[in-house]
Number of protein chains: 2
Amino acid sequence: MTAHAREPRSRRERPAKPALTRAGIIGTAVELMRAEGLERVTMRRLAQELDTGPASLYVYVRNTAELHAAILDQLLGAVDLTPAQADGDWRDRLTRLLGSYLAVLFEHPALARSALVARPSGEHYLDLVEAVLALLGEGGLAPAGAAWAVDLLLLFTTSTAAEQSTRRQAADAQDEWDALTAALREAAPARHPHIAALGGLLLSGTGEARLAWGFQALISGVLAAPAPDTSGSTP
Amino acid sequence: MTAHAREPRSRRERPAKPALTRAGIIGTAVELMRAEGLERVTMRRLAQELDTGPASLYVYVRNTAELHAAILDQLLGAVDLTPAQADGDWRDRLTRLLGSYLAVLFEHPALARSALVARPSGEHYLDLVEAVLALLGEGGLAPAGAAWAVDLLLLFTTSTAAEQSTRRQAADAQDEWDALTAALREAAPARHPHIAALGGLLLSGTGEARLAWGFQALISGVLAAPAPDTSGSTP
DNA sequence: ACCTGAACACCGTTCAAGT
DNA sequence: ACCTGAACACCGTTCAAGT
């Protein structure tokens with residue numbers, strides 16, 4: 001048995017087993033997600049893709065939540081930030097910017113859900129925050145108001161993506177949605193008079209129309225809100 | 001070996017093994033959640049608690065998501081709906097109502113997250129929607145506006161709970177939050193001038209103050225928004 | 001109709017041991 | 001310092017077989 005013969009097969013069949021790096025791991029994770037969906041991007045499955053054991057990944061990634069946050073930040077590179085520098089009404093441009101963020105999340109609903117839990121903190125997320133702040137500043141919002149408004153706007157967009165887009169992928173989630181619409185439609189006028197009176201209105205409008213309305217309401221709202229009390233700090 | 005001796009031990013030691021019912025299953029699930037947290041309310045663990053096998057639960061519960069939605073609806077029975085009937089400014093009462101909903105969610109952050117994915121459709125959730133609609137109607141919102149506004153308000157409240165309260169429980173989530181605050185504080189003025197300029201303002205304010213501000217902005221916003229275009233319907 | 005044992009196909013994370 | 005095998009302690013869901 002020569003040294004040559006003991007060379008592991010995998011070394012010979014694969015072109016090269018690249019050294020593990022954080023960037024390489026995240027890159028492979030993004031590929032895997034595009035190919036099979038975020039549900040498949042588990043530590044074990046990803047390790048398999050990288051031709052190693054799951055334990056090896058923990059040198060570069062703290063845990064699954066952090067891995068997903070890193071994937072999201074990578075994807076946020078695709079958000080179109082140009083509305084922040086363009087001409088035209090700042091409200092329209094802010095809506096376009098948030099719409100672009102939403103579009104990225106819509107492609108990967110599970111990621112939007114994880115963004116609510118493990119907030120991204122990478123460069124691309126900061127670029128997005130920066131662009132929103134620039135537009136709010138243009139709109140004349142005072143600094144403290146803008147600081148709180150950016151949170152409100154991004155939370156609304158992220159949670160809209162998390163909620164709406166899950167339905168389109170998971171059959172189970174669709175069942176829950178159907179149950180809700182049925183419950184609203186069949187509401188007993190005695191117990192739920194307002195719901196019964198509104199009828200189909202509660203479920204009216206396309207997703208886009210409701211979203212655009214939501215953005216308008218939010219932007220008007222943060223303009224109308226009083227200057228925030230910024231004493232104290234988030235725990 | 002007599003028939004008596006072959007009686008399984010569990011039958012003799014436990015007072016009685018109650019027959020499985022949906023209500024009984026959900027009730028046990030709620031107890032289990034209060035005792036050990038929602039993470040522990042798995043089909044397997046719950047079956048164990050009910051002294052049966054996981055497969056038995058599928059007769060009464062479609063899947064884990066539906067189980068969690070049912071648990072949430074049960075808990076929503078604790079939401080204080082009296083502000084809808086009380087005297088006083090309708091905005092204040094709406095804020096109190098949403099605050100009570102938030103408080104319930106805050107006690108069980110994981111449940112808030114699941115509510116974004118599998119929306120509850122039980123009686124208690126309908127009661128909440130009804131109460132919000134009643135207050136919006138008092139505030140003079142046109143029916144179509146109220147129909148969309150209730151979604152916006154509940155989505156904001158639910159996602160705030162999902163986001164904020166996760167941090168307090170999961171150590172990992174706290175890490176992510178720390179990473180975000182550090183990233184904001186250390187933003188490079190060259191690339192992120194607005195973030196750098198705002199400095200601590202971005203993270204200012206207590207959770208309560210930010211929440212109250214958010215409710216105000218939302219209420220002002222839905223009042224200011226134009227009548228929605230209700231043609232078409234949610235897919 | 002309801003209930004179940006057993007199986008299928010997976011998970012995250014840790015840790016002692018190696019290089 | 002980096003990497004790993006192996007283990008620990010779990011998952012959701014299905015299905016054929018029983019009562």
Side-chain angles (χ1 to χ4, degrees), chain A residues 3 6-11 14 16-25 28-29 32-33 36-71 110 113-114 117-118 166 169-173 175-176, chain B residues 3 6-8 10-11 14 16-25 28-29 32-33 36-71 110 114 117-118 166 169-173 175-176:
Chain A
R6 281 194 316 173
E7 193 84 321
R9 296 194 76 207
S10 61
R11 296 247 178 207
R14 302 212 177 203
K17 180 178 168 182
L20 288 179
T21 61
R22 187 168 210 274
I25 289 169
T28 304
L32 182 58
M33 185 196 59
E36 310 189 5
L38 188 70
E39 322 83 78
R40 290 268 186 262
V41 186
T42 64
M43 293 303 238
R44 292 181 105 106
R45 182 73 183 76
L46 181 57
Q48 184 186 313
E49 205 69 14
L50 289 160
D51 205 10
T52 183
S56 306
L57 303 183
Y58 285 83
V59 177
Y60 303 95
V61 167
R62 193 191 304 270
N63 52 43
T64 307
E66 202 229 347
L67 172 66
H68 289 180
I71 292 173
R113 263 171 283 145
S114 78
V117 179
T166 306
Q169 294 213 334
D172 297 339
D175 289 343
E176 303 297 321
Chain B
R6 281 194 312 163
E7 193 84 322
S10 60
R11 296 248 176 206
R14 303 210 175 205
K17 180 177 165 180
L20 287 179
T21 62
R22 187 169 210 274
I25 289 169
T28 305
L32 182 56
M33 185 195 60
E36 310 189 6
L38 188 70
E39 323 82 77
R40 292 270 185 257
V41 187
T42 64
M43 294 303 239
R44 292 182 105 106
R45 181 73 181 77
L46 181 57
Q48 184 187 314
E49 205 69 14
L50 289 161
D51 205 9
T52 182
S56 306
L57 303 182
Y58 285 84
V59 178
Y60 304 95
V61 166
R62 193 191 304 271
N63 52 42
T64 307
E66 202 228 348
L67 172 65
H68 289 181
I71 292 174
S114 80
V117 179
T166 306
Q169 294 212 336
D172 297 339
D175 289 343
E176 303 297 319

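Throughout, a chain's letter reflects where its sequence line sits, starting with A, and its residues are numbered from 1. Everything numeric in this text was worked out from a predicted model, so none of it was measured.
Put simply, CD on A:E39 is 17 Å from C1' on C:dG12, counting in whole angstrom units. The CG-C1' distance, from A:L57 to C:dC11, rounds to 14 Å in whole Å. The separation between A:Q48 atom CD and D:dT4 atom P is 14 Å, rounded to whole Å. Rounded to an integer number of Å, the gap from B:R62 CZ to D:dT14 P is 11 Å. Distance A:R40 CZ to D:dG12 P: 16 Å, rounded to the nearest Å. Counting to the nearest Å, the P atom of D:dT4 and the CZ atom of A:R44 are 15 Å from each other. Atom CG in A:L46 sits about 13 Å away from atom P in C:dT13, given to the nearest Å. What separates CZ of B:R22 from P of C:dA1 is a distance of 19 Å, to the nearest Å.
Distance check on atom C1': C:dA16 versus D:dC3 gives 13 Å, rounded to whole Å. Separation of the C1' atoms belonging to D:dC10 and C:dA9 is 14 Å when rounded to the nearest angstrom. Straight-line distance between the C1' atoms of D:dC11 and C:dC8: roughly 12 Å, to the nearest whole Å.
At least one side-chain heavy atom of A:I25 sits less than 4.5 Å from a side-chain heavy atom of A:L20. Considering only heavy atoms from C-beta on, A:L67 comes within 4.5 Å of A:L46 through its side chain.
Relative to the side chain of B:A55, the nucleotides C:dA6, D:dA7, D:dC11 differ in distance, and C:dA6 lies closest. Ranking C:dT4, C:dC11, C:dC2 by closeness to the A:R45 side chain, first place goes to C:dC11. The A:V59 side chain lies nearest to D:dC3 when the options are C:dC3, C:dG12, D:dC3. Counting only heavy atoms from C-beta on, B:Y58 has its side chain closest to D:dT14 among D:dT14, C:dC15, C:dC2. Distances were taken from every side-chain heavy atom of A:T64 (C-beta onward) to each of C:dG5, C:dA7, C:dG12; the shortest belongs to C:dG12.
Considering every non-hydrogen atom in both A:N63 and A:M43, the closest pair reads C-CE, 4.0 Å. What you find for A:R45 and A:E49 is that their closest heavy atoms are NH1-OE1, 2.6 Å. Considering every non-hydrogen atom in both B:L38 and B:M33, the closest pair reads N-CG, 3.6 Å. Residues A:H68 and A:V41 approach most closely at NE2-O, 3.3 Å, considering heavy atoms. When all heavy atoms of B:L57 and B:A47 are compared, the pair lying nearest together is CD1-N, 3.8 Å.
The partner of C:dA9 is absent, by the rule that a Watson-Crick or G-U pair needs both atom distances under 3.5 Å. In this structure C:dT4 sits in a base pair with D:dA16, meeting the Watson-Crick or G-U test at under 3.5 Å.
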For nucleotides 17-19 of chain C, tabulate all protein N/O to nucleotide N/O atom pairs closer than 3.5 Å, reporting atom names and distance.
none

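For D:dC3, the OP1/OP2 oxygens have no side-chain nitrogen or oxygen of A:T52 closer than 4.0 Å.
Nearer to the 5' terminus of DNA chain D, by closest-nucleotide assignment, is the contact made by A:L20 (compared with the other of A:L20 and B:M43).
A salt bridge links A:R22 to A:E66: one of the charged nitrogens lies within less than 4.0 Å of a carboxylate oxygen.
Counting non-hydrogen atoms under 4.0 angstrom, B:T42 reaches the backbone sugars and phosphates but no base.
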